[in-house]
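Encoded as structure tokens, the structure appears first; notes follow it.
Positions are given from 1, in the same order as the sequence printed here.
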Amino acid sequence: MSRLRVAIQKSGRLSDKSQALLQNCGLRFARSKDKLFWYGKDFPVDLLLVRDDDIPRMIMGGVCELGIVGENVANEVMLDRNGGTGLIPLRKLEFGHCRLSLAVPEQSDIVGAEGLDGRRVATTYPALTRSLLKERGVEAKIVELAGSVEIAPGLGTADAIADLVSTGTTLRANHLKEIEVLFESTAALYGTGESLPQEKQDLLDRLLARIDGVLQ
Ligand code: PRP
Ligand code: ZN
């Protein structure tokens with residue numbers, strides 16, 4: 001009997017709402033001790049609890065058929081892969097709203113994306129930021145960081161940052177001001193671009209019908 005695997009964020013902004021969505025679809029899980037793999041009890045869909053940034057590559061690598069992740073994270077990976085077909089958005093979800101914004105130190109006189117031509121922009125989303133700046137005719141030096149982007153201007157390693165903003169608390173705490181929104185993001189359900197065996201496809205269609213019911 002076929003089963004599907006869905007990767008969701010283990011802990012963070014999307015985890016509770018991702019779990020709630022699947023539970024509202026009537027899925028029940030037996031939680032394993034290490035909590036990384038939850039076995040689906042009544043419906044053959046299992047959960048993998050992982051870092052959100054790992055989800056796109058897990059889908060593309062065939063570790064799971066589905067994943068719930070922010071559009072920003074998925075787009076970063078797709079751009080980095082030159083628009084590979086390994087990942088396709090199936091349903092936009094109604095949670096995880098945030099924006100990828102440019103921010104500069106409070107005292108900076110840079111006013112918009114245009115002011116960043118030739119300047120250094122620190123981000124954990126290098127491909128997405130480069131592409132969104134290019135759309136605006138701006139060519140910046142992208143400083144790729146693994147995290148703690150908001151301290152880069154203070155350390156003198158960047159003139160600006162491109163980072164996710166939700167409440168704005170992180171920017172304020174670091175004396176940064178938002179100068180332009182580059183991209184509005186929400187969470188979405190992604191699937192693999194590979195065609196699935198018929199049994200799995202049927203299962204996916206049943207799951208999507210339940211998700212559509214919950215989203216209504
Ligand atoms: C983002 C971003 C900031 C924070 C902004 O991190 O990198 O740290 O959220 O939120 P605020 O405007 O409400 O202060 P995220 O939650 O994506 O965590 P992650 O980088 O660990 O995935
Ligand atoms: Zn993350």
Side-chain angles (χ1 to χ4, degrees), residues 1-100 125 127-128 131 164 166 183-216:
M1 166 87 168
S2 295
R3 304 186 67 84
L4 290 178
R5 286 178 171 178
V6 187
I8 66 168
Q9 189 183 34
K10 182 176 158 64
S11 62
R13 263 177 316 119
L14 305 180
S15 42
D16 287 352
K17 285 176 174 152
S18 302
Q19 282 176 38
L21 171 69
L22 296 169
Q23 274 155 6
N24 289 337
C25 289
L27 307 192
R28 295 289 174 267
F29 302 99
R31 308 180 179 200
S32 68
K33 251 196 338 275
D34 60 10
K35 287 187 64 177
L36 296 180
F37 182 86
W38 291 8
Y39 181 82
K41 290 196 284 191
D42 311 322
F43 195 71
V45 172
D46 305 318
L47 285 194
L48 296 172
L49 287 91
V50 300
R51 283 185 53 225
D52 63 340
D53 313 67
D54 292 336
I55 292 174
R57 284 182 187 82
M58 290 177 70
I59 298 172
M60 294 190 291
V63 175
C64 53
E65 291 81 14
L66 298 166
I68 295 175
V69 72
E71 294 168 310
N72 56 301
V73 172
N75 287 3
E76 171 66 27
V77 173
M78 287 192 274
L79 282 166
D80 197 41
R81 284 274 196 113
N82 289 319
T85 53
L87 194 62
I88 50 167
L90 295 174
R91 292 294 184 277
K92 206 172 157 107
L93 305 173
E94 280 151 1
F95 58 85
H97 298 282
C98 60
R99 53 195 190 270
L100 180 68
Y125 303 99
L128 185 57
S131 145
L164 290 190
S166 169
F183 181 77
E184 302 263 3
S185 180
T186 60
L189 175 74
Y190 288 87
T192 166
E194 309 282 317
S195 62
L196 295 174
Q198 193 56 48
E199 240 184 288
K200 283 193 180 189
Q201 185 60 48
D202 292 345
L203 207 49
L204 173 58
D205 292 341
R206 283 167 62 204
L207 180 62
L208 289 175
R210 289 191 186 199
I211 289 175
D212 289 339
V214 173
L215 293 178
Q216 290 262 311

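- Summarising the geometry, atom CG belonging to L49 is positioned 9.0 Å from atom OG belonging to S18; distances are rounded to the nearest 0.5 Å.
- Put simply, the side chain of D46 gets close to the backbone of G40: a donor and an acceptor are under 3.5 Å apart.
- Considering all non-hydrogen atoms of both residues, P56 and L87 come closest at CB-CD2, 3.7 Å.
- When atom types are taken as modelled, the side chain of E71 and the backbone of S185 share no donor-acceptor pair closer than 3.5 angstrom.
- At least one side-chain heavy atom of C98 sits under 4.5 Å from a side-chain heavy atom of R13.
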query: How far apart are the C-alpha atoms of E94 and T186, what are their side-chain angles, what is the distance that settles it, and do they pass the side chain to side chain contact (heavy atoms under 4.5 Å, CB included) test?
result: CA-CA 7 Å; E94 280 151 1; T186 60; over 6 Å; no
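- Atom CG of residue L164 and atom CZ of residue R99 lie 10.0 Å apart, to the nearest 0.5 angstrom.
- Side-chain contact, D205 with Q201: a donor N or O sits under 3.5 Å from an acceptor N or O.
- Nearest heavy-atom pair across G26 and D42 is O-OD2, 4.5 Å.
- Using a distance-only test at 3.5 Å, with no hydrogens or angles considered, no donor-acceptor pair links the side chain of R5 to the main chain of L47.
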- prompt: Would M58 and L48 count as a side chain to side chain contact (heavy atoms under 4.5 Å, CB included) if you check the C-alpha gap in whole Å, the side-chain angles of each, and the deciding distance to 0.1 Å?
  reply: CA-CA 10 Å; M58 290 177 70; L48 296 172; 3.7 Å; yes
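- With a 4.5 Å cut-off on side-chain heavy atoms, M60 and Y190 do not count as touching.
- Looking at heavy atoms from C-beta onward, E76 lies out of side-chain contact with D53 at the 4.5 angstrom threshold.
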task: Starting from the C-alpha separation in whole Å, work towards a yes-or-no answer on side chain to side chain contact (heavy atoms under 4.5 Å, CB included) for R28 and Q23.
output: CA-CA 6 Å; R28 295 289 174 267; Q23 274 155 6; 4.0 Å; yes
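- One distance of note links CG of L93 with CG of L215; it measures 6.0 Å at 0.5 Å rounding.
- Figure legend: cation-pi geometry between R210 and F43, with NZ or CZ positioned under 6.0 Å from the six-membered ring centre and within 45° of its axis.
- To the nearest 0.5 Å, atom CD1 of residue I68 and atom CD1 of residue I8 are 6.5 Å apart.
- Between the side chain of N24 and the main chain of A20, a donor-acceptor pair closer than 3.5 Å is present.
- The minimum heavy-atom distance between S2 and P44, with the atom names listed, is O-CB, 3.5 Å.
- Two residues are said to be in side-chain contact when any heavy atoms from C-beta on lie closer than 4.5 Å; V69 and I59 fail this criterion.
- For CZ of R57, the number of neighbouring non-hydrogen atoms (other residues, nucleotides, ligands) closer than 6.0 Å is 12 at most.
- Side-chain contact check for Q198 and D202: at least one donor-acceptor pair (N or O, by modelled atom type) lies under 3.5 Å.
- K17 NZ: 12 or fewer foreign heavy atoms inside a 6.0 Å radius.
- A distance of 7.0 Å separates CG in N72 from CG in L100, rounded to the nearest 0.5 Å.
- Contact annotation: the side chain of L66 approaches that of L207 to within less than 4.5 Å [non-hydrogen atoms, C-beta and beyond].
- Atom CG of L196 sits about 6.0 Å away from atom CG of L204, to the nearest 0.5 Å.
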- prompt: Passes side chain to side chain contact (heavy atoms under 4.5 Å, CB included), L208 versus R91? Steps please.
  reply: CA-CA 8 Å; L208 289 175; R91 292 294 184 277; 3.9 Å; yes
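- Nearest heavy-atom pair, I55 versus A7, reported as atom, atom and distance to 0.1 Å: CD1-O, 3.8 Å.
- Nearest heavy atoms, I211 versus C25: CG1-SG, 3.6 Å.
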